[in-house]
Amino acid sequence: MELAKAYDPKSAEESHYKRWEESGFFAPEINEDPDAKPYSIVIPPPNVTGSLHMGHALQHTIMDVLTRWKRMQGYRTLWLPGTDHAGISVQRKVVEQLRKDENKSPLDIGREEFLRRCWVWKEQYGNTITEQMRREGASVDWSRHRFTMDESLSLAVRNVFCTLYEEGWIYRGLRIVNWCPKDKTVLSDLEVKEETRKDGKLTYLRYPIVGTDRTLTVATTRPETMLGDTAVAVNPSDERYKDLVGKMVALPLTGREILIVADEYVEAEFGTGAVKVTPAHDPNDYQIGERHGLEQLLIMNDDGTMNAAAGVEFDGLDRFAAREKVVAMFDELGLLEKVEDYEITLPICERCKTIVEPILSEQWFVKMDEMRDLALGLMESEGAPHFSPQVPHEKVYTSWLENLKDWTISRQLWWGHQIPAWYDTDGNVYVARTADEAREKAGGSELRQDSDVLDTWFSSGLWAFSTFGWNGAVTETNDLDTYLPTDVLVTGRDIIFLWVSRMMMLTKKFADKTAFRDCVITGTVLGKDGKPMSKSRNNGVDPIEMFDKFGVDATRIYLASIATGADIKWNDNGVETYRNFANKIWNATRFSLLNSEGAKIDHSSLMADALPLADRWIISRLNQTALDLNKALGKYEFHSAVSMLYHFFWDDFCDWYIELKKDEINAGDVEATTRILTILEIALRMLHPFMPYLTEELWLKLPGTSSELNNPAYSKADASIMLTKFPPGDALALNGSAESEMNAVIEVIKKVRNIRSEMNISPSIKFTVHIAAERDLQDVMEANKAQILKLARAENLVISDSLDVPKASAKAVVAGNASLAVPLEGLIDFDKERTRLNNQINKLAEEKSRLDAQLSNQNFVERAPAEKVDALRERQSELAHQMNTLNNNLEALN
RNA sequence: GCCGUCUUAGCUCAGUGGUAGAGCACUCGCUUCACACGCGAUAGGUCACAAGUUCAAAUCUUGUAGACGGCACCA
């Protein structure tokens, strides 16, 4: 069978995924071993509004590498996929669609119809990302695909909510919350980001003091909130204002009189030392208000416009217009002291970037005291989750938990899990699992359900166990029993608090298990400009484009080559490197197949006695690589795994082993070809988790592959590399003497090549190589004569105890007190050879002087480990010997 | 304000107290019958800076500078 000259990823990508999926290879049920240990991962469910970005591609690659690796090891492996309903995102898309297509608002069509449209939207667009995951080669069990608003998962949400309410962990209360006037919903602290603006203003307003002609100046960044002031506060020990405490100020523009109170919160040194107090629009003012029994005057509507309480002149005015108007009116009244430039940090809505308004509102909250203790307890007792990399994430995670505030879980949206709480006409609340249950509790009064839905992260927080069938009504399933705790969670830093922590808490609370033992935190893939990829920066790189340009496998293994947790600037170059690597693998296979008549995969062929050096060497290297590879993967060190695969395959297997075996292969040596094919087959297995398409494509072409090579756990399944046994590596197959002998051969070849290149001798000119060495090494050289001749492009090899060559020779030293020479009568340039020898001598001299200094240091000799000292001494004497030889060579030229 | 990360070759990045590494780019040579997405040979580093610990520091400690992240505050 002849392969094309270059690897074309497209055809491989198109043919294998469907077969794998349809054959049930991704489902854990493919494993027939009743004693197989489980291995499970749940995917961080991407938003149904999302499409694949590089962060997904990175995380999915890591999850798939782990899944394929464990599956090949014979674990009952499950990678569970799914999607998140993404409350605000979907709602916004549907609202926008409605406005554009029909010029209607959600209120025009009503809740029921709006929700129907959301479902239609989800059905239509919600599987973009799942289709893209198929292209990625993600070996997820599609039969277990979950959506956060599936019936069972929704039931789980209602049951969890009710239980937490009954136990007092969920409450409804009036608090200052983060309000997004554009989305018209409350947001949790984590959904609010900060933006520093240099063009902020600090406005100083004068409030006249009643019964005097004095004024009191307050400073504010939000002048419009003065319309809701119900007090002015000063520090109790502030001498300037001591006599004013208890007096009233006449609040301009409102006709109201408000009290001057003393409160420790106020810092005398900051600003004017007097603070306007707006309890309904500021969290600190709210606290002051509580302490002093102040009125909470709400002056804004949910869209950020002022309401009637702000006064007729302001009613309906946008908050920023109101701000200007307040300042202008103070100015007119002569009460505007000054306006200063002020750098200000504003809270903004993470999604729509609108400035968030702190506002007093009645919402649902989860009390975090016990939740926090659950998560901290798991960290303390089990060290769970164990973060990779551990620094800095473990500390950030625990210190965040230690300072946790209550979680606002209600959202003023329609798309999501509607809060299972009902109100009677008197405003009494009945939390119940169903409307019937609520009616029963209410004793027949007329009820209406809370119109809010729950924070999307509330349902995601249940993901680790709700996806395995837990819904509160059903609390025991095979999957829960088998796959929980999951083994590892792979995600980004940005959702450690939003999701990771909550999943740990809620899984412990309701399934009484650890959600996952390990947590791999990936870094951020940055744009070429070094900044996070974003639409506004237009620096995004589309994974699909990379797949098209370089292939899925090249993109995957490049992503895996990034150090775990490290951020990386995207560069196409990196992917190109692995595109080339894929082509190298393709061509190595192509070569192996060219002369493969009569040969086939045969693992026993590697066990045969008296194999040639190159074979003993590559088998040792192969096993070392397999051992190191498994170790690296076990520690989530994907980058070092990739690096060792790359160098084993390219350097050891292609550059040396194949080149050394070429003559045998071309001569039709069936045994040699069998070994090459067998080693290649094992190498492909090791590469499979990273490069599933290429390896499957090639593996199926190898002679002798069949389901008999499958891991016994999959013996009844069709043949596929993804079901073979992952090479564990065998420490007994390591062969130190073969490695050192091979290294000697390699060194000889490299030295001769160096002579040819430095002396500008054309590759077409064949010459004789003389080697002088001790007896053992002579035998090695003799046994590998043909290989040395071929790779050094020489026609003759003379091996002896000492060099006997004409003056016109180029010489070099090799390890083991050996030396070599190439007679170059008529070709040698003596000046060049002198320079070449001098360069070598200088290099050795540099190393030797460092060693001499170190070894003459009495402290080092006495205190460093003896074997270290011995090794350096040995190297020192070798260097001396080599320098001596080279100096003699140099003299001989004169 | 508190906590933390990063700074290594021209570029992008590995590096685990013991002789500084890779890929790409650069230079030189090669239509060697798997691969020019290739092969061979070079060159390229004050490991940000300073001090300390140590026989020995890119690696541990402290400080400085620059880049960045998280949290808190923000009248």
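Note on naming: letters A, B, ... go to the chains in the order of the sequence lines (proteins, then strands), and numbering restarts at 1 for each one. All values derive from a computational prediction rather than experimental measurement. These values consider heavy atoms only, across backbone and side chains, with no hydrogens, waters or symmetry-generated copies.
A:E194 comes within 4.0 angstrom of a base, heavy atoms only. Using a 4.0 Å heavy-atom distance criterion, A:T220 is classed as a sugar-phosphate-only contact. Among the protein residues, A:Y646 comes within range of the sugar-phosphate backbone only, with heavy atoms under 4.0 Å from sugar or phosphate atoms but none that close to a base. Note on A:R222: nothing from the nucleic acid sits closer than 4.0 angstrom, heavy atoms only. Within the 4.0 angstrom heavy-atom criterion, only backbone atoms of the sugar-phosphate kind lie near A:T221; the bases stay farther away. At a threshold of 4.0 angstrom between heavy atoms, the contacts of A:N284 are confined to the sugar-phosphate backbone, with no base atom among them.
The cationic group of A:K662 lies under 6.0 Å from the six-membered ring centre of A:F591 and within 45° of the ring axis, placing it in a cation-pi geometry. Cation-pi contact between A:R556 and A:Y693: absent, since separation from the ring centre below 6.0 Å together with deviation from the ring axis within 45° is not met.
Inspection of the A:E191 and A:S188 side chains reveals an N or O donor paired with an N or O acceptor under 3.5 Å. For the 3.5 Å distance criterion, the side chains of A:Y558 and A:N571 qualify, holding a donor opposite an acceptor.
The distance between atom CZ of A:F653 and atom C1' of B:A34, rounded to the nearest whole Å, is 11 Å. Counting to the nearest Å, the C1' atom of B:C55 and the CG atom of A:L855 are 11 Å from each other. The interatomic distance linking A:D285 (CG) with B:C73 (P) rounds to 13 Å, in whole Å. The interatomic distance linking A:L698 (CG) with B:C35 (P) rounds to 15 Å, in whole Å. We find that CG of A:D282 is positioned 7 Å from P of B:C74, with the value rounded to whole Å.
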Treating primed atoms plus P, OP1 and OP2 as sugar-phosphate and everything else as base, which nucleotides of nucleotides 10-19 of chain B get B, S or - for protein heavy atoms under 4.0 Å?
--SSSS--BB

Can you build the contact string for nucleotides 36-47 of chain B? Use B for base contact, S for sugar-phosphate-only contact, and - for no protein heavy atom under 4.0 Å.
SBSSBSSS----

In sequence, state the C-alpha distance, the side-chain angles, and the governing distance for A:T564 and A:H639, and then conclude on side-chain contact (heavy atoms from CB on, under 4.5 Å).
CA-CA 7 Å; A:T564 309; A:H639 60 294; 4.3 Å; yes

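Two residues are said to be in side-chain contact when any heavy atoms from C-beta on lie closer than 4.5 Å; A:W400 and A:Y397 fail this criterion. At least one side-chain heavy atom of A:L677 sits less than 4.5 Å from a side-chain heavy atom of A:S596.
Among residue pairs with one or both ends in residues 259-274 of chain A, those qualifying as salt bridge (charged side-chain N to carboxylate O under 4.0 Å, His left out) are A:D263-A:R291; sequence neighbours excluded.
The separation of B:G21 from B:U16, taken at their P atoms, amounts to 14 Å, rounded to a whole angstrom.
Nearest to the side chain of A:N573, among B:A34, B:C74, B:C24, sits B:C24.
Between A:K790 and A:D663 a salt bridge is recorded (basic side-chain N to carboxylate O distance below 4.0 Å). A:D8 and A:K10 are not joined by a salt bridge, as no carboxylate oxygen comes within less than 4.0 angstrom of a charged side-chain nitrogen.
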Using a cutoff of under 3.5 Å, can you pull out all pairs of nitrogen or oxygen atoms linking the protein to nucleotides 57-59 of chain B, with atom names and distances?
none

Listing time: all N or O pairs from protein to nucleotides 3-7 of chain B that are below 3.5 Å?
{"residue": "B:C3", "atom": "O3'", "partner": "A:K395", "partner atom": "NZ", "Å": "3.2"}
{"residue": "B:G4", "atom": "OP1", "partner": "A:K395", "partner atom": "NZ", "Å": "3.0"}

Using Watson-Crick and G-U wobble pairs with both distances under 3.5 Å, what is the 5'-to-3' dot-bracket string of RNA chain B, with [ ] for crossing pairs and | for pairs outside the strand?
(((((((..((((....[..))))..((((.......))))......(((((..]....))))))))))))....

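Heavy-atom nearest nucleotides on RNA chain B were determined for A:R793 and for A:G574, and the one closer to the 5' end corresponds to A:G574.
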